[in-house]
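Here is the structure we will look at.
Note that the numbering runs from 1 along the sequence shown for the chain. Counting starts at 1 for both ligands and their atoms, in listed order.
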Amino acid sequence: MTDKKDYDIIVAGSGMSGSLAATMAARKGLKVLLLDRNKREEAGKKTNWGWVCGDAVADSHLQFIKSYIDISFDYPELDKKVDGVYALSPDLKSKFLFEGKGYVLNRPRFEQKLLDMAIKSGAEYVQEFEVEGPVIENNSVVGVFGKDANKEHREYRAKVTIDALGIATTLRRRLPENNFVEKMIDIDDIESTGRYIYSFEVDHEDKLYYDPNNALIHLNQRMAPGGYGWVFPKNGNRVNIGIGVQKRSLDIRNKKLGKTDTLHTLMDEYVKSNPVIKNPVLDNEFNNGKGYWSVAVRRQMESLVFNGYMGAGDSMAMPNPISAGGIGPALVSGILAGKNAAEAIEKNDTSVNGLWGYNLEFNKEYGNKTAGLEVFRIYLQSLNDDIINYGMKNFLTSKEAEGLSYGKTPELSLAAKFKFALKGAANVSAFSNLLFAIGKMKEFNALYSRYPSSPKEFDAWKAEVKERMEDVKNRFKPNPV
Ligand SMILES: Cc1cc2nc3c(=O)[nH]c(=O)nc-3n(C[C@H](O)[C@H](O)[C@H](O)COP(=O)(O)OP(=O)(O)OC[C@H]3O[C@@H](n4cnc5c(N)ncnc54)[C@H](O)[C@@H]3O)c2cc1C
């Protein structure tokens, strides 16, 4: 069945990016349809496993929303304030501040607030709708098809479709062949992740394992090969604890150690090995205590738009390649997608050309640093624990490491640092690889500062991005143990 009511904008997916895109567009007076497979009271639930996430977000990203939309956040959706996020070396001897002040969210409540705002702003919400793919006419996306709550086939049509379906998107992956938005993500660029929410008794104080005022990230290639573990405090004696692994790194690590560990066994081991967490009990509010899901850790898709189509959040692989923080870019892109879709409709041009301004705005606001961060992530995955310990102690200052998380390349003072690196051939090689990685990061930062101002220059620019990233992937291979 085709719905006769045509919309200006369809937003597929009412997670964070989708609800914000719908709010922005509806507030411009456009006719907006917001579709999700969830019932309204389960806004933003990612899968049957729940709202699987570490739920940490920097305050700056909440401020970004507030600069566009009059909304305030407080407890309970902001479950716990944290002063910062610290990354710890495998031997726990080095500790770098990664991001400043932020919050660990009560995710179901935060999502509910955003969806309520979209509906209040005028978006029409259709729940329990399974989006199966885009409707394509004349090489343009003109709507979506899928199954409604009664499992009946239905099509909806609009001038612009915004894909906010998350990493498993059925829209991006079913676009027509095109050189703008890639349909597939390399499996090496995906982290398999799992997390628990526990209440627990504090066995004793040890801020290397649990800090009620800071979010902790544990780098450890044996425990979380190609990824990391995290312990994020929640309100009361509760914690969001989990790990992410790269499948290839896990396979290599298992082979070298003669083990058969899986994400699940490693997660359980990680919780068990935490000396502060005693008698953990699953906190299953909203049936959200335990879950598994995936997160992409590459640069966002080179173009976020195609004819009649835009993507926001995880559907475009937006999470930060080092930290996997995807809430910030989902919030930023949701706002900018809704805004730019409305502007294109006003100008009556929803082709790639007409939607291009979104690429430019997102790149300026957030996206220009992610290719550089992807380089650093690939470099990190090539280091074993001994080298990470050594490197965190000797290669980078805390300030340089903090700058890295914001996409700033460290200005290593070579003479001063090389003398440390000279201790051990493996460290020398890691240091010269770090120099290579930093050089590449600078190249990518420069390349993204020249993001094509129109689709005409896109092909040549994208070819350059691909070629340079291939160089990086050829030089650095996962080597967790
Ligand atoms: C284990 C884990 C830990 C993480 N930790 C953090 C963290 O601490 N901080 C951080 O910033 N980021 C973190 N992230 C990333 C963050 O969770 C995501 O970047 C964020 O959820 C992206 O939001 P989104 O709106 O783009 O997509 P999603 O949150 O995935 O929302 C997609 C929406 O679309 C709906 N949907 C999907 N498919 C269909 C379909 N076919 N039909 C209809 N509806 C559909 C879903 O039900 C959902 O409502 C983590 C991710 C994982 C997996």
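- By the 3.5 Å distance cut-off applied to N or O atoms, E130 is counted among the residues near ligand 1.
- Ranked by closest heavy atom to atom 13 (C) of ligand 1, the top entry among C53, A21, P319, S14 is C53.
- Close N/O approach between R37 and ligand 1 is found [any backbone or side-chain N/O within under 3.5 Å].
- With 3.5 Å as the limit, one finds no donor-acceptor pair spanning the side chains of N445 and K369.
- Scanning the protein for heavy atoms near atom 24 (P) of ligand 1, the closest one is S17 OG, 3.6 Å.
- In this structure, K147 does not count as a contact residue of ligand 1, since none of its heavy atoms falls inside 4.0 Å of the ligand.
- If you look at D55 next to ligand 1, the close heavy atoms, those under 4.0 Å, all belong to the backbone.
- Taking the six-membered ring for Trp, F458 and W356 have ring centres closer than 6.0 Å.
- Scanning the protein for heavy atoms near atom 3 (C) of ligand 1, the closest one is G54 N, 3.1 Å.
- Residue contacts with ligand 1: K45 is placed with a nitrogen or oxygen under 3.5 Å of a nitrogen or oxygen of the ligand (distance criterion only).
- With 3.5 Å as the limit, one finds no donor-acceptor pair spanning the side chains of R238 and S199.
- Per-residue contacts place G44 under 4.0 angstrom from the following atoms of ligand 1 (heavy atoms of the residue considered): 49 (O).
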Working note: F180 + Y309, criterion ring-ring contact (aromatic ring centres under 6.0 Å, His included); need CA distance, chi angles, decisive distance, verdict.
CA-CA 11 Å; F180 290 104; Y309 172 90; over 10 Å; no
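- At a heavy-atom distance under 4.0 Å, only side-chain atoms of R107, from C-beta outward, approach ligand 1.
- Using 4.0 Å as the threshold, Y292 has no heavy atom nearer than that to any atom of ligand 1.
- Checked against a 3.5 angstrom limit, the closest N/O atoms of G326 and ligand 1 fall inside it.
- In this structure, the side chains of R377 and D189 come closer than 4.5 Å at one or more pairs of heavy atoms.
- When every heavy atom of S140 is checked against every heavy atom of N307, the shortest pair comes out as OG-CB, 3.2 Å.
- Heavy-atom proximity to G325, at under 4.0 Å, picks out these atoms of ligand 1: 10 (C), 11 (O), 12 (N).
- Atom numbering of ligand 1 starts at 1 in the shown order; those under 4.0 Å from a heavy atom of A324 are 12 (N), 13 (C), 14 (N), 15 (C).
- The single protein non-hydrogen atom nearest to atom 9 (N) of ligand 1 is A56 O, 2.8 Å, given as residue, atom name and distance.
- Distances below 4.0 Å separate heavy atoms of T193 from the following atoms of ligand 1: 1 (C), 2 (C), 52 (C), 53 (C).
- For ligand 1 and A164, the ligand atoms under 4.0 Å from any heavy atom of the residue are 32 (C), 33 (C), 34 (O).
- The N/O atoms of D36, backbone and side chain alike, include one that comes under 3.5 Å of an N/O atom in ligand 1.
- Closest to atom 42 (N) of ligand 1 among all protein heavy atoms lies V131 N, 2.9 Å.
- Between the choices L165, T169, D314, V144, the shortest heavy-atom distance to atom 39 (C) of ligand 1 belongs to L165.
- At a cut-off of 3.5 Å, with distance as the only test, a side-chain donor of S303 or N359 sits close to an acceptor on the other residue.
- For L282, the CG atom sits in a packed shell: over 12 heavy atoms of surrounding residues, nucleotides or ligands are nearer than 6.0 Å.
- Considering backbone and side-chain atoms alike, M16 places an N or O below 3.5 Å from some N or O of ligand 1.
- Of all the atoms in ligand 1, the ones that sit under 4.0 Å from a non-hydrogen atom of I327 are 9 (N), 10 (C), 11 (O), 12 (N), 19 (O).
- Atoms of ligand 1 found under 4.0 Å from any heavy atom of G15 (numbered from 1 in listed order, with element): 25 (O), 31 (O), 33 (C), 49 (O).
- Side-chain contact of D163 with T169: a donor-acceptor pair under 3.5 Å is present, judged by distance alone.
- With respect to R157 and E155, a salt bridge is recorded, a charged nitrogen being found less than 4.0 Å from a carboxylate O.
- Between N288 and R195, the side chains place a donor N or O and an acceptor N or O closer than 3.5 Å (distance only, hydrogens not considered).
- By the 3.5 Å distance cut-off applied to N or O atoms, G194 is not counted among the residues near ligand 1.
- Regarding atom 17 (O) of ligand 1, its nearest protein heavy-atom neighbour is K46 NZ, 2.7 Å.
- In F129, the part holding a heavy atom less than 4.0 Å from any atom of ligand 1 is the backbone.
- Distances between N or O atoms of G313 and those of ligand 1 include no value under 3.5 Å.
- Closest heavy-atom approach to atom 28 (P) of ligand 1 among the candidates G244, P329, G334, G166: G166.
- Remark: ligand 1 and L35 share no N or O pair separated by less than 3.5 Å (distance only, no angle test).
- By the 6.0 Å and 45° rule, K31 stacks over the aromatic ring of Y7.
- For ligand 1, the atoms sitting less than 4.0 Å from at least one non-hydrogen atom of G13 are 34 (O), numbered in the order shown with element in parentheses.
- Using a 4.0 Å cut-off between charged nitrogen and carboxylate oxygen, R109 and D79 do not count as a salt-bridge pair.
- Residues N274 and Y198 bring no donor and acceptor atom of their side chains to less than 3.5 Å of each other.
- When non-hydrogen atoms are compared, ligand 1 lies under 4.0 Å from the backbone of V52 as well as from its side chain.
- Of the residues listed (V52, D36, N38), the one engaging K45 in a side-chain contact (heavy atoms from CB on, under 4.5 Å) is N38, and it is the only one.
- Looking only at heavy atoms of the protein, atom 23 (O) of ligand 1 is closest to A330 CB, 3.7 Å.
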Show the numbers, then the answer: is there a side-chain hydrogen bond (donor to acceptor under 3.5 Å, both in side chains) between R172 and S315?
CA-CA 7 Å; R172 191 198 76 234; S315 71; 5.9 Å; no
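- In this structure, F73 has its ring center no closer than 6.0 Å to that of Y103.
- Checked against a 3.5 angstrom limit, the closest N/O atoms of R195 and ligand 1 fall outside it.
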Would you sort out whether Y86 and F98 count as a ring-ring contact (aromatic ring centres under 6.0 Å, His included), showing the intermediate values?
CA-CA 5 Å; Y86 282 95; F98 207 70; over 10 Å; no
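- Heavy atoms of F232 approach ligand 1 to within less than 4.0 angstrom.
- The pair R298-E374 does not meet the salt-bridge criterion, since no charged nitrogen lies less than 4.0 angstrom from a carboxylate oxygen.
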